[in-house]
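To keep things clear, I will list the structure first and then write my remarks on it.
Quick caveat: nothing in here was measured; it's all calculated off a predicted structure. Residue numbers begin at 1 in each chain, while the letters A, B, ... track the order of the sequences.
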Amino acid sequence: MVEVSLTVGKLDASLALLLTKDHHLIEFPTILLPDGISAGSIVKINCDRDIEQEIKDKEIFDCIQDEIYNTFGKSLPQAPLLKV
Amino acid sequence: MVEVSLTVGKLDASLALLLTKDHHLIEFPTILLPDGISAGSIVKINCDRDIEQEIKDKEIFDCIQDEIYNTFGKSLPQAPLLKV
Amino acid sequence: MSFVTQGSIPEVLETNANDSLTERTQCLSDIQDLGPPDMVHLIKHNPSTKTEIGTYLYYTGSDVSNSACVAALLHSIADIIGETPQVWFGKHKPWKVQEATYCAYNAFSKLDTRVNVHFPGGVSSSMLDAEGNPVIEKDRYWLETAVSSVVRALISADDDEADFSSIVEIRKINPFPNEETITIFLKGCEDLFFEGPKLGCAPTIQLPTLASNYLVDAFMIAVSITGKYQEGLEILTRLAHKEPSVSYLIAKLHFMSSHEVDGIAALYETSRERPLDSNLLMTQAEFCYEKGRFDLALPVAIRAVNSSPSAFLPWALLVKVYIATGNYEQALLTLNSCPIVTHKDKYHLRRVTIPPTSNLHLPLPVDVTLPEVSSLNSQDVANEHKEVDQTLLNLPAGNLKSTFAIAYGLLTEIVRKTGWEALLKFRAKVFVMEEEYRKEKSESSTTLATNGNVEAANGGSETPKEDYRKKRLCERWLDNLFMLLYEDLRVYTMYRAELVHFTAQQMEFKKSTLEWELLGLVSSRLCHQKEAAEAYNLALSGRFSVRSSKKLLGYYQGEKKRIKRIESGQKKKDEGSMTSEEIAKYKQTLQKKILDLVVKLSIWNHRWYSEFSPMLLDALASMIDDAGVLKVESEIRANYATETNGVFELISDSLEFLKTHHFYRPDE
Amino acid sequence: MSFVTQGSIPEVLETNANDSLTERTQCLSDIQDLGPPDMVHLIKHNPSTKTEIGTYLYYTGSDVSNSACVAALLHSIADIIGETPQVWFGKHKPWKVQEATYCAYNAFSKLDTRVNVHFPGGVSSSMLDAEGNPVIEKDRYWLETAVSSVVRALISADDDEADFSSIVEIRKINPFPNEETITIFLKGCEDLFFEGPKLGCAPTIQLPTLASNYLVDAFMIAVSITGKYQEGLEILTRLAHKEPSVSYLIAKLHFMSSHEVDGIAALYETSRERPLDSNLLMTQAEFCYEKGRFDLALPVAIRAVNSSPSAFLPWALLVKVYIATGNYEQALLTLNSCPIVTHKDKYHLRRVTIPPTSNLHLPLPVDVTLPEVSSLNSQDVANEHKEVDQTLLNLPAGNLKSTFAIAYGLLTEIVRKTGWEALLKFRAKVFVMEEEYRKEKSESSTTLATNGNVEAANGGSETPKEDYRKKRLCERWLDNLFMLLYEDLRVYTMYRAELVHFTAQQMEFKKSTLEWELLGLVSSRLCHQKEAAEAYNLALSGRFSVRSSKKLLGYYQGEKKRIKRIESGQKKKDEGSMTSEEIAKYKQTLQKKILDLVVKLSIWNHRWYSEFSPMLLDALASMIDDAGVLKVESEIRANYATETNGVFELISDSLEFLKTHHFYRPDE
């Protein structure tokens with residue numbers, strides 16, 4: 001997990017400019033900032049990998065692939081020949 | 001505190017492109033991402049205000065202001081008149 | 001070569017002989033793309049007056065795979081010009097070609113390949129680098145030259161965006177007159193595959209990659225117009241082993257040859273190994289979209305975006321899907337995120353040097369004529385242009401190109417579904433409007449004065465309000481598209497209202513061909529295809545117009561597909577239903593209309609020295625597919641051809657091409 | 001107005017009388033900035049031949065606060081022209097002015113204010129809007145017009161970037177000939193303060209704000225050249241109550257008038273209430289930097305960046321501080337983050353219409369002459385230009401403007417301290433180099449094929465290596481600056497090596513004035529100021545050159561400040577020490593050099609109809625401050641003035657200005 005401290009530089013409608021200690025500029029959606037923030041505030045950001053979600057996403061994606069394949073990827077079954 | 005789940009879209013030298021569920025694009029320094037990440041990975045980002053750090057920063061800033069003022073903002077003291 | 005006469009060879013007279021070759025050499029170092037079209041340079045001698053002049057013309061589609069092929073072409077041109085005295089700026093001149101040079105740019109190695117023929121005898125060739133210095137010839141360079149030339153021919157064919165500055169002193173011939181030429185080209189694409197990115201890519205793509213570049217694009221066009229699907233698939237399968245990113249092209253070829261099941265299976269298989277291949281995901285999503293399965297298209301399109309967030313096309317596709325599902329807010333937000341490509345232009349054929357108009361020799365071919373098309377008076381057209389309604393002429397949306405044009409198309413698709421008022425509401429809901437922005441700004445600037453105190457800032461009133469924060473800033477270009485949309489809508493609405501009014505009053509609604517055409521274009525831009533077709537038809541009722549004809553041909557081809565979907569029971573939700581009688585009648589009308597357009601456009605192309613149009617070949621092939629070659633031939637004879645006007649012979653030439661490439665069996 | 005003669009009024013002959021007025025009216029709707037310079041239009045009549053012509057010239061600095069003032073100016077021009085027959089394109093013509101019109105653009109309300117005088121009698125005025133329609137005059141509009149005119153005069157004065165296309169048919173006069181004019185202007189600035197952003201701002205700033213725009217800039221220049229610090233402070237203090245963002249300007253005025261303690265106190269006080277005011281923080285950081293207290297400058301500069309992350313200047317300042325502290329890696333990274341302003345140009349005076357050269361009447365004023373300057377043969381200069389070393393002429397760094405030029409200056413500052421080799425090492429350490437990038441790309445594309453499995457991706461080998469991840473991509477523009485730097489360095493190094501060689505061999509190192517000047521400019525760009533001065537002096541040893549003179553004047557003024565710092569014991573770390581004898585001698589040399597440049601530049605300006613240069617006034621004021629007015633006057637008499645060459649009278653005019661504004665007491 002990575003944790004960094006960022007200064008809020010500018011709050012502009014939907015986007016905020018955050019700055020790291022070594023002046024890395026990050027454009028960040030304000031919607032992802034906590035309430036009560038203003039220019040000059042300091043925020044902590046934690047970033048963590050979400051393996052669980054990755055597995056879940058992969059499962060969903062595989063399902064969709066299967067459905068596409070099953071719907072369009074197989075020849076239509078022959079109409080059954082009726083023998084008298 | 002705000003927590004969001006983001007998909008890693010592209011890893012390009014120092015910058016990664018992360019995407020929110022509703023396709024908000026964030027350019028994020030790779031250095032702030034955990035190890036082992038690759039395109040397609042999912043990360044969780046927590047964002048929290050750091051009031052403590054804000055107070056500390058303010059104190060440091062006030063100190064610097066005081067030092068500038070004390071160094072340059074006051075008239076030089078008159079040389080003492082020696083009375084015999 | 002049956003249709004080459006003195007009347008179908010344009011030339012430019014050089015002010016000083018050989019100037020054009022010198023200029024071409026000088027500009028070599030500046031070439032950044034596929035390069036200029038091939039060029040033929042001639043030194044012509046008049047034995048009776050002992051004068052000598054230099055002329056040149058441009059070329060696309062010739063076989064330049066070795067110097068013998070090129071020499072043969074130069075010989076045939078020299079023969080035609082020397083056959084009989086040439087009508088030269090109003091006088092008959094007994095020109096004999098003394099020397100001829102063919103130049104073809106090799107865009108892979110950035111060399112200009114030149115073949116020089118002295119008449120009667122003597123052939124030499126050379127290859128010049130960017131500085132104009134000769135390099136040692138290699139077989140590889142010849143291959144590169146041949147492939148470059150064909151790629152230029154294919155990429156520039158049927159160029160819709162070509163404007164008034166485009167080249168007229170050019171002959172465009174079919175690069176695949178026989179089986180051999182197509183085989184060589186496809187093989188050449190395979191051999192040069194890993195050099196493909198050097199040729200650049202379409203303007204909708206940021207950077208050329210192995211999987212998308214002009215070489216690959218030309219390969220796909222070549223396969224499609226010659227029907228060489230089997231060969232194409234074999235090549236791509238071999239390439240996919242070395243470079244899996246081309247796998248999506250395999251699926252595309254399956255779809256193009258109507259093997260949907262195989263295409264889907266190919267995508268399914270590759271998606272396991274390449275779950276983040278956005279080309280592959282786009283192909284899949286596009287397919288589901290076409291089938292009306294937006295529920296499947298959506299997650300796949302999202303994944304395409306997430307896999308390639310800085311590419312434009314996945315975003316545009318996602319917008320399209322959101323529109324189809326009626327999620328207009330998300331469509332607008334996503335549209336706003338599209339990474340517009342601003343630094344690139346489409347490849348067009350460009351002159352090396354701009355000749356003075358008075359030096360242009362642009363003869364009228366007399367072997368194939370149809371008065372309506374061949375005798376179109378360019379002065380009349382120019383006068384019409386001068387008197388045209390300026391409001392129509394200057395609609396800025398008409399000049400949008402590439403990604404801007406696509407984004408605009410998506411916006412018009414939304415407005416078609418929602419109407420203008422609702423679109424404005426959606427817009428205000430998702431974007432910060434200027435008024436609102438100013439208000440927020442002024443509020444935050446008053447709080448700024450006091451927010452030095454960290455303790456006080458804890459309150460929370462400083463953060464923008466929740467609903468404001470959820471909004472985004474509308475990109476400047478998108479804002480601009482809204483303006484253009486407003487202008488288009490204003491003109492279109494007024495036009496439709498007038499039309500209704502005049503029709504109701506049974507009055508004639510008089511406009512010039514150009515004006516109808518421009519109204520057609522506005523209607524097209526606003527996705528009112530039927531209304532656009534109406535306007536194009538009105539335009540053509542005045543006189544022939546190449547743009548209206550092309551647009552209309554595209555529309556009718558689309559209609560044919562729609563009818564087929566209805567017939568096969570696969571029609572989409574918003575496509576009306578028809579009785580089988582109506583269908584049959586409509587199909588007949590379409591067939592007639594399409595034939596009319598194909599014949600006239602073929603004659604127009606021939607008049608402008610062009611014998612190659614994939615669009616017309618495609619239309620002809622599909623007509624034959626529907627009605628058989630005999631039916632098509634007999635209709636041409638009945639309605640267009642006379643003993644002497646050459647129309648039947650001209651179309652037969654295209655039919656011959658289709659026969660060569662097995663689009664139909666000769667006895668059919 | 002003592003120096004206005006027929007020889008100091010340039011004119012342009014109109015092809016058709018009144019054309020220039022019509023064109024001016026037509027272009028009103030396109031004006032996006034401070035607008036064109038004022039214009040005087042004349043209708044002149046030749047009573048002997050009964051012919052009538054139209055002429056015009058541009059103007060800056062005149063008092064246009066009401067129509068009476070303007071009419072008086074027009075009358076005086078008409079009188080001068082009608083006094084004696086005018087030398088007109090080689091012949092004497094007895095022109096009488098029949099009608100004169102003055103146009104002054106009001107950039108606040110986007111109106112063109114016009115005063116028309118018929119001779120002998122009749123004055124009328126009008127104000128035209130963007131469409132050329134008259135609006136009802138208001139006192140406010142007159143105020144706006146007067147302020148706009150003075151702002152144009154001040155912002156465009158001493159324009160260094162003016163190029164070959166700049167206007168020569170213009171008279172530039174001093175906007176503050178008396179106490180009244182400066183008082184009116186400063187009061188006008190206060191009244192119009194809240195409209196200031198309408199005038200635009202310097203190209204280093206993204207968007208004009210109340211605290212930084214051309215109105216504020218002009219206000220500060222006006223205060224500085226007239227020494228009205230007290231009045232300026234009173235106005236700013238009143239404004240700061242309503243708009244606290246101007247507080248930093250109060251400190252600036254204190255600094256400019258050498259009241260450092262007051263300035264620092266003002267900043268300290270305001271910083272409590274405005275801890276995020278980047279203008280204020282920059283002023284403070286800049287001050288600490290100048291004092292060599294980089295430890296204090298650094299945190300303040302960082303805070304300025306954090307407070308205004310999308311503004312360029314705070315970033316540039318932070319880079320400067322990092323360079324001073326020797327932290328070159330951080331300096332490069334920070335430079336790379338500078339938000340370059342690409343969409344803006346500096347304000348220059350521009351023609352409304354470009355006249356054919358043959359219509360320019362550019363007389364030579366004969367009242368003030370110094371052969372070396374007045375008789376500079378422009379044909380000789382042009383020939384010199386033709387024969388100049390092209391390598392020198394085409395160094396692209398010379399064309400950098402605005403933020404690009406500042407960024408380049410920072411880069412050259414780094415290279416001056418580290419040398420080229422070390423700079424390249426720092427660069428490779430912080431930026432991803434192309435080689436490395438390609439390597440990483442190819443590695444990650446091979447892993448791409450297998451990273452579909454989430455489980456497998458857990459390993460960690462997919463993430464770029466730690467040190468690679470820490471690097472950043474170098475912005476394209478910065479990459480380009482490295483290229484330009486390389487070219488500059490190559491030329492500079494070769495030049496210095498040659499110079500050493502020739503000097504060692506006691507050979508003459510022969511170059512033309514323009515070549516020396518260009519070498520001076522390269523040296524200046526690379527922060528080798530002493531070497532640059534050497535080159536400029538060599539340039540001036542050939543002939544007079546306005547650019548070399550200006551550059552040299554700037555250098556000597558800087559040297560004077562440096563010497564003063566050494567005298568007062570405040571010298572910076574890298575400034576050498578001198579004995580008091582050396583100091584006295586150097587000061588004398590500087591005084592002499594500066595006087596020489598001021599005299600010659602004054603004459604040059606006068607020759608080109610310009611009587612206003614803040615730079616020269618400033619140099620003169622500082623000379624008087626050091627040596628007294630009598631000393632300066634006697635040196636001019638001894639070395640430059642004759643009974644008839646007018647030099648003493650010309651300089652006296654500037655001294656009069658300084659006296660008017662109390663820069664010295666008349667009896668001093």
key: R49(B) versus P34(A), closest heavy-atom pair with distance   =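 Minimum heavy-atom contact is N-CG, 3.8 Å.
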
If I take atom [atom1] from residue [X] and atom [atom2] from residue [Y], how far apart are they, to the nearest 0.5 angstrom?
X	Y	atom1	atom2	value
D50(A)	S41(B)	CG	OG	10.5 Å
N46(B)	L32(A)	CG	CG	11.5 Å
C47(B)	I31(A)	SG	CD1	12.0 Å

key: Leading residue by heavy atom contact count with chain A [cutoff under 4.5 Å; candidates L33(B), D48(B), L6(B), L18(B)]   =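 Among the listed options, the one with the most contacts to chain A is D48(B).
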
message = At a heavy-atom distance under 4.5 Å, which candidate from H24(B), E3(B), E52(B), E27(B) has the highest pair count against chain A?
response =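 If we count pairs closer than 4.5 Å to chain A, H24(B) comes out on top.
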
Chain B contact via T20(A) - side chain, backbone, both or neither, heavy atoms under 4.5 Å =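 The answer is the side chain of T20(A).
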
ask   = Within a strict 4.5 Å, meaning less than it, do heavy atoms of the I45(A) and I45(B) side chains meet?
value =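 Yes. Closest side-chain heavy atoms under 4.5 Å.
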
task = Compare all side-chain heavy atoms of D57(B) with those of I42(A) and state whether any distance is below 4.5 angstrom.
result =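 They are in side-chain contact.
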
